[in-house]
J.: 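I have a structure here, written as structure tokens, and I will follow up with some questions on it.
Note that the numbering runs from 1 along the sequence shown for the chain. Everything numeric in this text was worked out from a predicted model, so none of it was measured. Side-chain atoms are counted along with the backbone in the values below, which use heavy atoms only and exclude waters and symmetry mates.
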Amino acid sequence: FLSQYPSPMEKHVTAVETVEEKTDLSTGIIYRRRIATCQNVIPEILRKVTVCNSLSQVSVLKVPDIYLEEESWLNMEKRCMAMRSHCLTWTQYASLSEESVFRESLENPNWTDFTQKGRISVTGAGLLNCVLEAFAQSFLKQGVKKGIKIMETLLEEQWG
């Protein structure tokens with residue numbers, strides 16, 4: 001369902017391109033690397049923030065799109081998928097990354113255990129570093145809830 005973008009379930013993602021896909025013949029693990037193009041969701045007031053570089057002040061947040069790289073490893077034999085993503089935009093000022101693992105529950109093979117970790121760090125914006133980190137943290141927390149809802153909806157549609 002989410003192979004076409006934009007999607008009603010994920011309206012901020014405008015495009016996703018698979019740039020690498022391969023299967024390890026010895027383990028059967030499918031590896032994918034994708035680049036996602038997302039709308040810039042940073043509020044206009046924060047986009048006005050400027051940072052100083054060696055020549056001038058630059059408004060680095062005022063871009064129309066944000067690019068994310070996502071890597072995934074799917075192991076059908078162990079019924080496990082791991083994903084890692086990070087932001088490719090603003091790498092000299094911010095670090096945003098996320099790791100997720102979906103695996104068969106030890107309690108019940110019909111259940112899925114889901115774990116997720118995220119890291120956010122902003123530098124170069126002076127006193128606004130904390131404001132930008134707080135916004136990113138809030139946005140990512142909302143994204144986690146939304147991602148779980150999307151996954152539940154897709155699973156329900158496919159397997160009832």
Side-chain angles (χ1 to χ4, degrees), residues 1-43 46-47 49 51 60-106 110-125 129 131-159:
F1 181 82
L2 293 177
S3 61
Q4 301 249 335
Y5 291 93
S7 161
M9 294 181 110
E10 191 53 83
K11 64 183 178 181
H12 298 297
V13 179
T14 57
V16 174
E17 178 185 356
T18 300
V19 293
E20 184 178 2
E21 184 170 347
K22 60 187 175 185
T23 302
D24 183 323
L25 297 177
S26 65
T27 63
I29 294 174
I30 301 167
Y31 169 80
R32 285 190 185 101
R33 187 167 61 92
R34 305 184 321 160
I35 305 295
T37 304
C38 306
Q39 294 173 344
N40 186 349
V41 296
I42 294 177
L46 294 178
R47 290 189 201 193
V49 171
V51 295
V60 296
L61 301 177
K62 198 171 181 100
V63 297
D65 295 317
I66 298 169
Y67 299 95
L68 305 171
E69 179 180 64
E70 174 193 87
E71 295 178 282
S72 65
W73 296 264
L74 176 61
N75 186 331
M76 295 296 284
E77 183 180 319
K78 293 186 178 179
R79 296 178 51 144
C80 177
M81 182 173 77
M83 298 173 71
R84 184 173 59 207
S85 62
H86 66 274
C87 187
L88 298 173
T89 308
W90 307 310
T91 55
Q92 68 272 41
Y93 304 105
S95 171
L96 283 82
S97 63
E98 183 177 275
E99 296 176 13
S100 304
V101 176
F102 301 84
R103 69 181 52 194
E104 181 180 299
S105 172
L106 296 175
N110 294 318
W111 296 350
T112 301
D113 284 338
F114 170 64
T115 57
Q116 188 169 49
K117 298 178 196 174
R119 290 179 204 88
I120 303 164
S121 174
V122 179
T123 59
N129 287 348
V131 173
L132 293 170
E133 284 180 4
F135 171 77
Q137 183 180 35
S138 172
F139 185 76
L140 291 177
K141 282 182 180 179
Q142 291 173 12
V144 167
K145 292 175 186 172
K146 184 181 193 179
I148 291 170
K149 183 161 179 48
I150 289 171
M151 184 63 76
E152 288 175 344
T153 300
L154 293 174
L155 290 172
E156 183 69 28
E157 287 175 0
Q158 284 193 323
W159 289 286

J.: Would you call Thr23 and Tyr31 a side-chain contact if the rule is heavy atoms closer than 4.5 Å?
T.: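 Result no, sub-4.5 Å side-chain heavy-atom pair not found.
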J.: How about Cys80 and Val101: do any of their side-chain heavy atoms sit closer than 4.5 Å?
T.: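 In contact.
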J.: Taking Glu71 first and then Arg84, would you say they form a salt bridge - that is, a charged N and a carboxylate O separated by under 4.0 Å?
T.: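 Salt bridge between Glu71 and Arg84, a charged N being under 4.0 Å from a carboxylate O: yes.
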J.: Other residues, nucleotides and ligands only: do more than 12 of their heavy atoms fall within 6.0 Å of CD on Glu77?
T.: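 Atom CD in Glu77 is not packed in, count stays at 12 or less.
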J.: If you measure from CD on Glu104 to CG on Asn110, what distance do you get to the nearest 0.5 Å?
T.: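 Going from CD on Glu104 over to CG on Asn110, the span is 8.0 Å.
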J.: Rounded at 0.5 Å granularity, tell me how far NE2 in His86 sits from CD in Glu70.
T.: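 It comes to 11.5 Å.
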J.: Check whether any side-chain heavy atom of Leu88 sits under 4.5 Å from a side-chain heavy atom of Leu68, and report yes or no.
T.: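 No; the side chains remain at least 4.5 Å from each other.
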J.: Check whether any side-chain heavy atom of Arg32 lies under 4.5 Å from a side-chain heavy atom of Ile30, and answer yes or no.
T.: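 Result yes, sub-4.5 Å side-chain heavy-atom pair found.
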J.: Between Ser105 and Thr112, is there a side-chain heavy-atom distance shorter than 4.5 Å?
T.: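 They are not in side-chain contact.
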J.: For residues Arg119 and Glu99, determine if any side-chain heavy atom of one lies less than 4.5 Å from a side-chain heavy atom of the other.
T.: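 Counting from C-beta outward, Arg119 and Glu99 do come under 4.5 Å.
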J.: With rounding to the nearest 0.5 Å, note down the distance linking OH in Tyr67 to OG1 in Thr37.
T.: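 Tyr67 atom OH to Thr37 atom OG1 measures 5.0 Å (nearest 0.5 Å).
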J.: For the CD atom of Glu20 and the CZ atom of Arg34, what is their distance to the nearest 0.5 Å?
T.: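 That separation rounds to 13.5 Å.
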J.: With rounding to the nearest 0.5 angstrom, report the CG to CH2 distance, Leu96 to Trp90.
T.: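 One gets 8.5 Å once the value is rounded to the nearest 0.5 Å.
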J.: To the nearest 0.5 Å, tell me how far Met83 CE sits from Ser100 OG.
T.: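 Answer for the CE-OG pair, Met83 versus Ser100, is 6.5 Å.
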J.: Within a radius of less than 6.0 Å around NZ of Lys146, do more than 12 heavy atoms belonging to other residues, nucleotides or ligands occur?
T.: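 Enclosed.
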J.: Is it the case that over 12 heavy atoms from other parts of the model lie below 6.0 angstrom from the CZ atom of Arg33?
T.: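 More than 12 heavy atoms, drawn from other residues, nucleotides or ligands, come within 6.0 Å of this atom.
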